[in-house]
Amino acid sequence: MLIELLQPWSTFVLKTQLPPDVLSKMKDISDDIVEGKTSSVSAKEAVGAGEMERQYLLEFLGLPEELQSYFTVLLEKYIVSAFCQKNPEDKENILKQKWETRVTLMWINSQKDNEYFPLHNHANAHMSAVCYLDIPKYLPALNSPHTTPGAIEFISNRSNNGVWAAETLKIQPQIGDFYIFTIDQQHIVYPFKTYDGKGERRSVSFNAEFRTT
């Protein structure tokens, strides 16, 4: 029995896992910046959404070529999947198109105890992404499962039907998780507490735009 699921009225979050070599290289690059071995510029003014002390700009074109290629391929995968979902009758033509992407802003989040991002979305691009490089052991939630320390929650205004759809998607990220989503996708990053108060959750976020060529 052949079936096809049609859903052109909503967007989606792409999830994948960083390959071990990509994860290792990104951790090494971010270590040098966060630990002050490489000169860096604060991203707080450029990003501006979070209650977070340590954020650092990261130059996408300064990354090794293989890392640039990896992120570019995933961005193109998201674009093609999204347009095929939006226009299922034009899938054949969409798959033939060439896409050019450009990362407009990339930064490191060095999240500590009690730091968080309130409900927000990104701007001035087409897509956003986040990948997780390091995650500490959290203290248990005081009001589980209603509170989820360290989670990221994506918020949708598309459906209020609890039988067939969910209004939010709350995820407890793991090391290596990589998510891509539309620039206007609202989301929250919850605070956490660690046992010694010195834990760090390290992630890299970026915004990107595209065009057809």
Side-chain angles (χ1 to χ4, degrees), residues 5-19 22-23 26 30 43 46-52 55 57-58 60 63 67-88 94 97 99-109 111 115-133 135 148 150-160 164-191 201-212:
L5 304 179
L6 305 178
Q7 193 180 17
W9 45 76
S10 68
T11 58
F12 55 82
V13 176
L14 180 152
K15 177 184 178 182
T16 188
Q17 277 279 319
L18 297 177
V22 173
L23 175 60
M26 290 298 294
S30 68
V47 178
E51 282 293 316
M52 192 175 299
Q55 295 174 287
L57 291 177
L58 185 59
F60 178 76
L63 296 178
L67 295 182
Q68 293 184 46
S69 177
Y70 171 77
F71 289 122
T72 297
V73 167
L74 264 296
L75 287 171
E76 293 173 355
K77 175 68 173 177
Y78 185 91
I79 293 164
V80 170
S81 299
F83 274 89
C84 285
Q85 175 178 288
K86 180 185 175 184
N87 303 291
I94 292 169
Q97 292 186 54
W99 306 92
E100 180 180 293
T101 64
R102 184 174 76 91
V103 173
T104 58
L105 184 66
M106 192 174 207
W107 66 98
I108 299 167
N109 300 300
Q111 186 179 357
E115 294 184 328
Y116 66 95
F117 282 93
L119 182 66
H120 70 286
N121 60 269
H122 300 184
N124 302 320
H126 296 120
M127 299 164 287
S128 294
V130 60
C131 57
Y132 294 89
L133 307 182
I135 295 175
T148 312
I152 182 170
E153 184 169 18
F154 296 100
I155 313 297
S156 172
N157 60 2
R158 294 293 185 182
S159 174
N160 57 7
W164 297 108
E167 294 179 342
T168 71
L169 173 63
K170 186 183 290 186
I171 297 169
Q172 191 63 267
Q174 304 299 313
I175 293 175
D177 281 358
F178 179 32
Y179 301 93
I180 302 176
F181 45 95
T182 60
I183 200 71
D184 57 351
Q185 172 67 63
Q186 291 191 313
H187 53 289
I188 300 169
V189 178
Y190 287 92
R201 186 170 79 165
R202 179 87 57 80
S203 64
V204 170
S205 298
F206 62 84
N207 297 337
E209 58 187 17
F210 71 90
R211 67 176 185 175
T212 57

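Side chains included, hydrogens not; waters and symmetry mates left out as well; all remaining heavy atoms used. By convention here, the first residue in the shown sequence is residue 1.
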Residue list, salt bridge (charged side-chain N to carboxylate O under 4.0 Å, His left out) with E100, at least two apart or on another chain: R211
All side chain to side chain contact (heavy atoms under 4.5 Å, CB included) counterparts of F60, not counting sequence neighbours: L63, Q68, F71, T72, V103, M106
Atom pair CE/CD of M52 and E115 - distance to nearest 0.5 Å: 5.5 Å
Within-4.5 Å side-chain heavy-atom neighbours: L57 and L105: yes
Shortest non-hydrogen contact from V130 toward S203: CG2-CB, 3.9 Å
Residues that A123 engages under side chain to side chain contact (heavy atoms under 4.5 Å, CB included), provided they are two or more places apart: none
Side chain to side chain contact (heavy atoms under 4.5 Å, CB included) partners of I183, counting only residues at least two apart: H122, A125, S128, N207
Any residue meeting side chain to side chain contact (heavy atoms under 4.5 Å, CB included) with E209, in chain and number order, not counting sequence neighbours: R102, T104, H126
Under the side-chain hydrogen bond (donor to acceptor under 3.5 Å, both in side chains) test, residues paired with W99 that sit two or more places apart: none
Interatomic distance, T168 atom OG1 to I155 atom CD1 [nearest 0.5 angstrom]: 5.5 Å
Closest approach of W107 to Q55 (non-hydrogen atoms, all atoms of both residues): NE1-NE2, 3.8 Å
For I175 against L133, the heavy-atom pair lying closest together: CG2-O, 3.6 Å
Test item: I135 and Q172 side chains (from C-beta on) under 4.5 Å apart, heavy atoms: no
Any residue meeting ring-ring contact (aromatic ring centres under 6.0 Å, His included) with F181, in chain and number order, not counting sequence neighbours: F154, H187
Partner set under side-chain hydrogen bond (donor to acceptor under 3.5 Å, both in side chains) for Y70, not counting sequence neighbours: none
Heavy-atom side-chain proximity of Y179 to I171 below 4.5 angstrom: yes
Heavy-atom pair with the smallest gap, counting every atom of Q111 and P191: NE2-CA, 4.2 Å
Those residues that, when tested against E153, pass salt bridge (charged side-chain N to carboxylate O under 4.0 Å, His left out) (two or more places apart): none
Separation of K15 NZ from D177 CG (nearest 0.5 Å): 4.5 Å
Set of residues satisfying side-chain hydrogen bond (donor to acceptor under 3.5 Å, both in side chains) with respect to R202, sequence neighbours excluded: S30, D31, E200
Heavy-atom pair of closest approach, residues P173 and G150: CD-O, 3.7 Å
Non-hydrogen atoms of L58 and M26 that approach each other most closely: CD2-CE, 4.2 Å
Gap separating the CG atom of L75 from the CZ atom of F210, nearest 0.5 angstrom: 10.5 Å
From OG1 (T16) to CG (L74), nearest 0.5 Å: 5.5 Å
By side-chain hydrogen bond (donor to acceptor under 3.5 Å, both in side chains) - contacts of Q186 (at least two apart): none
Residues F178, V22; criterion side-chain contact (heavy atoms from CB on, under 4.5 Å); working and verdict: CA-CA 11 Å; F178 179 32; V22 173; over 6 Å; no
Could you list the donor-acceptor pairs under 3.5 angstrom formed by side chains in residues 78-86, with sequence neighbours left out?
from : atom 1 : to   : atom 2 : distance (Å)
Y78  : OH     : F12  : O      : 2.8
Y78  : OH     : T182 : N      : 3.4
S81  : OG     : K77  : O      : 2.9
Q85  : NE2    : Q7   : O      : 3.1
Q85  : NE2    : S10  : O      : 2.5

V189 and R201, any side-chain heavy atoms less than 4.5 Å apart: yes
